[in-house]
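Along the sequence shown, the residues carry numbers beginning at 1. Both counts, for ligands and for their atoms, begin at 1 and track the order of listing. This structure is a prediction, so every number in the text was calculated from the model and none was measured.
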Amino acid sequence: MIRFEQVGKRYPNGHVGLHELSFHVRHGEFLFVTGHSGAGKSTLLRLLLAMERPTSGQLLLAGQDLAGISTAQIPFLRRQIGVVFQNHQLLFDRSVFDNVALPLKILGLRKDEIARRTLLALERVSLQDKAEQFPSDLSTGQQQRVGIARAVVHQPALLLADEPTGNLDPRLAAEIMKVFEDINRLGTTVLIASHDLALIARMRHRLLTLQRGRLIADGEAA
Ligand SMILES: Nc1ncnc2c1ncn2[C@@H]1O[C@H](COP(=O)(O)OP(=O)(O)OP(=O)(O)O)[C@@H](O)[C@H]1O
C-alpha cells in the first residue's frame, strides 16, 4: 500500500528532511516509526498526506504517485487516510458526536448515514455512551479516543498517528495502543510515529528507525 523508493526531501532552505528512504508497507500492516527529534518522522507523515512533495525518488500510496499528485487530487487522497495528532484538536464547543461526525459532514453524506457511521466509530473506541457529552466532560484518554474515532469514521485504508500517546501516562498510552490494534485487526493499515521506545518494545510490531533522515533499522521492535 505504501512504497518509498529512494525518497528524498530537501526543504527550500536547504535542510534535508529525508535521504533516499526506501521501504514498503503491505495492506493491513501495523508499524511504528521512531527516531530522535529532527530524524524525519513528521516529514515522512507530511509526504504521505501530500502536505509536502518528495524532491527525489518515487513515493506511491495505493498506487498513486505522490510526487506528481495535483492539488485537485489531494482531497481524494485524504479520504483514504485518517490522522491522529498528539493533542487531538477536538472542537470543545461541539458534542462528541458532532466532533466525530465532522469529516462525514464535509463529505456531504446523508444524515442517517452520518449517524450510523458516527455511532459505529464511537463503538470502536468504546465511547458510544458519551455521544451527547462534550469533550470537556471526558478524561484525557477518552478525548484521545474521540480523536481516533474521528480519524477512522470515514473508514480510511490507512491510519497515521503522530505521537498519539505523547501526553498520556503509561497505562493510558497502553490503552490507546490497544484501540489502534483493534482498528488494525479490522483491516486498516496503521502507521504510528512515536518516541516512546518502551511502549513500542512491548508491542512487538514492525519498527522503522530513522536517524538524520536515513532509515537505519527496519524490523520487529526488540
Ligand atoms: N518546513 C521545514 N523547513 C525546513 N526544514 C525543515 C522543515 N521541516 C522539517 N525540517 C528539517 O527536516 C529535518 C527532519 O524534521 P522532522 O520535523 O521531520 O523531524 P521529526 O523526526 O518529526 O522531529 P520531532 O520528533 O522533533 O517532531 C530536520 O532537520 C528539520 O530541521
Exercise. Against heavy atoms of H195, which atoms of ligand 1 measure under 4.0 Å?
Worked result: 25 (O)
Exercise. Has G38 got any heavy atom lying under 4.0 angstrom from an atom of ligand 1?
Worked result: yes
Exercise. Does the pair D218/R206 count as a salt bridge with the N-to-O cut at 4.0 Å?
Worked result: yes
Exercise. At under 4.0 Å between heavy atoms, which part of K41 makes contact with ligand 1: side chain, backbone, both or neither?
Worked result: both
For this session: Output all residues satisfying side-chain hydrogen bond (donor to acceptor under 3.5 Å, both in side chains) with E113, sequence neighbours left out; order by chain, then residue number.
Result: R116, R117
For this session: Compute both the distance and the angle, then confirm whether K9 meets the cation-pi test with Y11: under 6.0 Å from the six-membered ring centre, within 45 degrees of the axis.
Result: yes
For this session: Would you kindly specify which portion of T43 sits under 4.0 Å from ligand 1, judged on non-hydrogen atoms: side chain, backbone, both or neither?
Result: both
For this session: Flag the pair Q133 / L127 as yes when at least one side-chain heavy-atom distance between them is below 4.5 Å, and no otherwise.
Result: no
Exercise. Less than 4.0 Å between a side-chain N and a carboxylate O, is that true for K105 and D98?
Worked result: yes
For this session: Can you figure out which of S37, G166, A39, A193 has its heavy atom closest to atom 26 (O) of ligand 1?
Result: S37
For this session: Please check if any side-chain donor atom of H205 sits under 3.5 Å from a side-chain acceptor atom of E220, or the reverse.
Result: no
Exercise. What protein heavy atom sits nearest atom 9 (C) of ligand 1, and how far off is it?
Worked result: Y11 CE1, 3.4 Å
Exercise. So which bit of R212 gets within less than 4.0 Å of ligand 1, heavy atoms only: side chain, backbone, both or neither?
Worked result: neither
Exercise. Got a protein heavy atom sitting under 4.0 Å from atom 30 (C) of ligand 1?
Worked result: no
Exercise. Looking at atom 27 (O) of ligand 1, what's its closest protein heavy atom, distance included?
Worked result: S42 OG, 3.5 Å
Problem set entry | More than 12 heavy atoms from other groups under 6.0 Å of CZ on F92 | yes
For this session: Flag R46 as yes when one of its N or O atoms lies below 3.5 Å from any N or O atom of ligand 1, and as no otherwise.
Result: yes
Exercise. Counting heavy atoms only, which part of H36 comes closer than 4.0 Å to ligand 1: side chain, backbone, both or neither?
Worked result: backbone
Problem set entry | Contacts of type ring pair (Phe, Tyr, Trp, His ring centres under 6.0 Å), residue F23, not counting sequence neighbours | F4
